[in-house]
Asks: 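Have a look at this one.
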Amino acid sequence: MKMLIKPLSLAFFIAANAFALHVNAAEENVQFRDPPRWGVPDRTPQQHFATMKKENTNAYAQAMNDCRAMRGREAMDCKREARANFDRDMQRAREMTMGGRH
């Protein structure tokens, strides 16, 4: 009987800790909020294009940063793919904002 209590109490302890971690992770940190300007929608195609350009540029910078951790051919291929993705995304941004469509 004594040996059965230890595994049961250990299982209960693990389950309780897992639940506590889940509850902690679910709490929202309200100390950091998005700036109010982020909630303002783009009203013109030029504003929409500028927003898309910022997003594409930041994604490209992140991809290039990830590529820097690689070496040799892998790094070259990664950088080439990052540039191709950026060029494709910018072309798509131009197409979406031409003529007032977006």
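Numbers here are sequence positions counted from 1. As the structure is a prediction and not an experimental result, all values here were calculated from the model.
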Asks: Indicate yes or no for a side-chain donor-acceptor contact from Asn56 to the backbone of Met52 under 3.5 Å, with no hydrogens or angles considered.
Replies: yes

Asks: Provide the full list of salt bridge (charged side-chain N to carboxylate O under 4.0 Å, His left out) pairs with a residue in residues 51-66, sequence neighbours left out, each pair given once.
Replies: none

Asks: By the side chain to side chain donor-acceptor pair (under 3.5 Å) test, which pairs, at least two apart or in different chains, include something from residues 81-92?
Replies: Arg83-Asp87, Asn85-Arg88, Gln91-Glu95

Asks: Can you list every pair that meets ring-ring contact (aromatic ring centres under 6.0 Å, His included) and has a residue in residues 54-91, with sequence neighbours left out?
Replies: Tyr60-Phe86

Asks: Please find the pair of heavy atoms, one from His48 and one from Asp42, that lie closest to each other, and give the distance.
Replies: CA-OD2, 3.3 Å

Asks: Among residues at least two apart in sequence or on other chains, which ones pass side-chain hydrogen bond (donor to acceptor under 3.5 Å, both in side chains) with Thr57?
Replies: none

Asks: With sequence neighbours excluded, give me every side chain to side chain donor-acceptor pair (under 3.5 Å) pair touching residues 68-78.
Replies: Asp77-Arg80

Asks: Kindly state each residue pair satisfying disulfide (SG to SG under 2.5 Å) with at least one member in residues 33-72, sequence neighbours excluded.
Replies: Cys67-Cys78

Asks: Is there a path of hydrophobic side-chain contacts, each under 4.5 Å between heavy atoms, that joins Met90 and Met64?
Replies: yes

